[in-house]
Amino acid sequence: MNGLNIGVLAVQGDVAENIMATKMAMEELGIEGIVNEIKNPEQISDLDGLIIPGGESTVIGTLSLVNGSLKKIKEKIASGMPVFGICAGLILLSKKAKDRVVGEMDQPLLDLLDVKIERNAFGRQRDSFESEISMEKIGVPKFQGVFIRAPSIMEAGHNVEIISKFNEKIIAVKQGKILGTSFHPELTDDLSLHKYFVNLVNEKN
Amino acid sequence: MIPLSGDIADAKGTIKEKIESYSIKRGTSTLKRGFAHMLKNGVVMDVTTVEQAQIAEDAGAVSVMVLDKLPSDVRKAGGVARTASIRVIEEIMDAVTIPVMAKCRIGHVYEAMVLQETDVDMIDESEVLTPADEFRHIWKWDFTTPFVNGARSLGEALRRIEEGAAMIRTKGEPGTGNVAEAVTHIKNVNTELRKIKSIYDSGDEQDLVSAAREMKVSYSLVEETASLGRLPVVNFAAGGISTPADAAYLMTLGCDGIFVGSGIFKAEDAKERAQAIVLATTFWEDPDKVKEAQKMIDERQSMLGLDTKNLELRMQERGSTA
């Protein structure tokens, strides 16, 4: 088939928003392809790129483990498939996560992105915030960051490129074809990050 | 797509602050409704203790709702049902990483303020507790913390959204273990949505105005809802859900997720049931997986439940005319 096949992991969370944003990004870039919900492990092998959306990382991780998706996703990303993890998705990609209050977590993780995450790093829902942030490194000088019970990156390995910080906390990173943000681009009208990801997927093809 | 905008001008709950050189905003509609979006396709479980909250988290609950008593015990105990002990809520917030919600009485502005100061992630202005104001709900735009409200009709749902609710759930009949009322409510809302959608599609604005008048809600919100053909916020099912099949059925009716009240911790097999209901909610489109989930529970261990026809207390009627 011609065109890209991008999936959004559809276990739990804001799946529809990411499908919409990715479709619109592809349209604006004039790149052909399809964007589908990924509900079972059999759908993973055909993908050119995957978005792991926002939601609850413990829920998405546990259920992906139960239906066997987690292993498939890990193999596929390890073999070079581009992936974009948003908030809960960023946590799932990481090698280690601890909660700001509860401490060390024993939750299923993909262990692919060489970062240590602090969950709920900015506080609880009342502390959730919107702020303008900058991602100069990927050509996006201004972006509206929507942070909802957001995680941050406490430590990043030497092969991890830091794309953005908010008040000294790391909020966006890239390691090879793995992209992760602690904020929610799919909840804004700005398609810059989804376009950046679609281009990343397109480069590979 | 569910829109995230909806802010009213100068909502008191929206706070502008400076952090170093950053100008930030808290409590915007995007943040409140966006929080509810993150719960989609998940199960929120009622809990009364830290132990129950941990069972819920381990089972894959997307959030827990802290109550003093489970709805079926509220029904048995009678008297006045109020918000849960703050100390218990705090203990649970310290023990689990998933969001923690708590209920306040309908119209009880200060119970809600106390919950906001406690830093719960969402407040449920709930008919399970004894209403504090028979005529008015809380004006939720004054809060930075998002609210969820119950509704059994479209008009009720839209009136709550107009007051600032960031999420809606059906009322059902709480604490009965009987899903019938939740089914009726979601079907009512769906039928009413189809009705205003068809009026909108016909272009008959005058008819849409009368629909708004009937529902006692602003024209602009009715118009927005009619154009979407769904509620403009995340909508969960609640009230009487006891089994995996109950949860899966409500998902097929177009709900974005599930609240389970007494159904889990009033059953004898709470741990397995909690997991099973999560599985059925996640994989509701696959009957075989729902069967596997249903197999994890034992019907002999379900809560007995009540016929909703002869109840002395119909919680769903609380606050529904306001």
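Quick note on labels: first sequence line is chain A, next is B, and so on, each numbered from 1.
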Review point. Which members of residues 269-278 of chain B, sorted by number, sit under 4.5 angstrom from chain A on a heavy-atom basis?
Key: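 Those residues of residues 269-278 of chain B which have a heavy atom under 4.5 Å from chain A are B:Val278.
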
Review point. Considering heavy atoms only, which positions within residues 90-100 of chain B lie below 4.5 Å of chain A?
Key: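 So the qualifying residues are B:Met93, B:Asp94, B:Ala95, B:Val96, B:Thr97, B:Ile98, B:Pro99, B:Val100.
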
Practice item. If the plane angle is over 60° it's perpendicular, under 30° parallel, otherwise tilted; pick one for A:Phe197 and A:Phe84. Key: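 Plane angle between 30° and 60°, so tilted.
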
Exercise for review: For the residue pair A:Phe166 and B:Tyr22, categorise the inter-ring angle as parallel (less than 30°), tilted (30 to 60°) or perpendicular (more than 60°).
Suggested key: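 Ring orientation of A:Phe166 relative to B:Tyr22: tilted.
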
Heavy-atom pair count under 4.5 Å with chain A, highest-scoring of [options]:
| options | result |
| --- | --- |
| B:Glu285, B:Arg33, B:Glu57 | B:Glu285 |
| B:Asp119, B:Thr145, B:Thr144, B:Val120 | B:Asp119 |
| B:Glu20, B:Gln116, B:Lys289 | B:Gln116 |

Point to revise | Euclidean distance, A:Gln107 CD relative to A:Leu109 CG, rounded to 0.5 Å | key: 5.0 Å

Practice item. Check whether more than 12 heavy atoms from other residues, nucleotides or ligands sit under 6.0 Å from atom NZ of A:Lys98, and answer yes or no. Key: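 Counting other residues, nucleotides and ligands, NZ of A:Lys98 exceeds 12 neighbours.
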
Exercise for review: Answer yes or no: does atom CD of A:Glu32 have more than 12 heavy-atom neighbours from other residues, nucleotides or ligands under 6.0 Å?
Suggested key: no

Side chain, backbone, both or neither: which part of [X] has a heavy atom under 4.5 Å from chain B?
| X | value |
| --- | --- |
| A:Arg119 | side chain |
| A:Asp14 | both |
| A:Thr58 | side chain |
| A:Arg149 | side chain |
| A:Asn167 | both |

Exercise for review: Please state whether the side chain, the backbone, both or neither of B:Phe283 comes within less than 4.5 Å of a heavy atom of chain A.
Suggested key: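 It is the side chain, since no backbone atom gets that close.
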
Check your understanding: So what's closer than 4.5 Å to chain A heavy atoms on B:Glu17: side chain, backbone, both or neither?
Key -> neither

Does any donor atom in the side chain of [X] or [Y] lie under 3.5 Å from an acceptor atom in the other side chain?
| X | Y | value |
| --- | --- | --- |
| A:His194 | A:Asn18 | yes |
| A:Asn36 | A:Asn5 | no |
| A:Gln12 | B:Asn41 | no |

Do NZ/NE/NH1/NH2 and the carboxylate oxygens of [X] and [Y] come within less than 4.0 Å?
| X | Y | value |
| --- | --- | --- |
| B:Lys291 | B:Asp288 | yes |
| A:Glu42 | A:Lys72 | no |
| A:Asp48 | A:Lys76 | no |
| A:Lys23 | A:Glu27 | no |

**Study point:** Qualifying side chain to side chain donor-acceptor pair (under 3.5 Å) pairs with a residue from residues 132-145 of chain A, counting only residues at least two apart or across chains
**Key:** A:Glu130-A:Gln144

Practice item. Test A:Glu56 against B:Lys40 for salt bridge (Lys or Arg N to Asp or Glu O under 4.0 Å), laying out the working first. Key: CA-CA 10 Å; A:Glu56 275 306 311; B:Lys40 283 194 295 181; over 6 Å; no

Point to revise | Any residue meeting salt bridge (charged side-chain N to carboxylate O under 4.0 Å, His left out) with B:Asp124, in chain and number order, not counting sequence neighbours | key: B:Lys103, B:Arg169

**Study point:** Options A:Ile19, A:Ile133, A:Asn67, A:Thr188, ranked by heavy-atom pairs under 4.5 Å with chain B, top entry
**Key:** A:Asn67

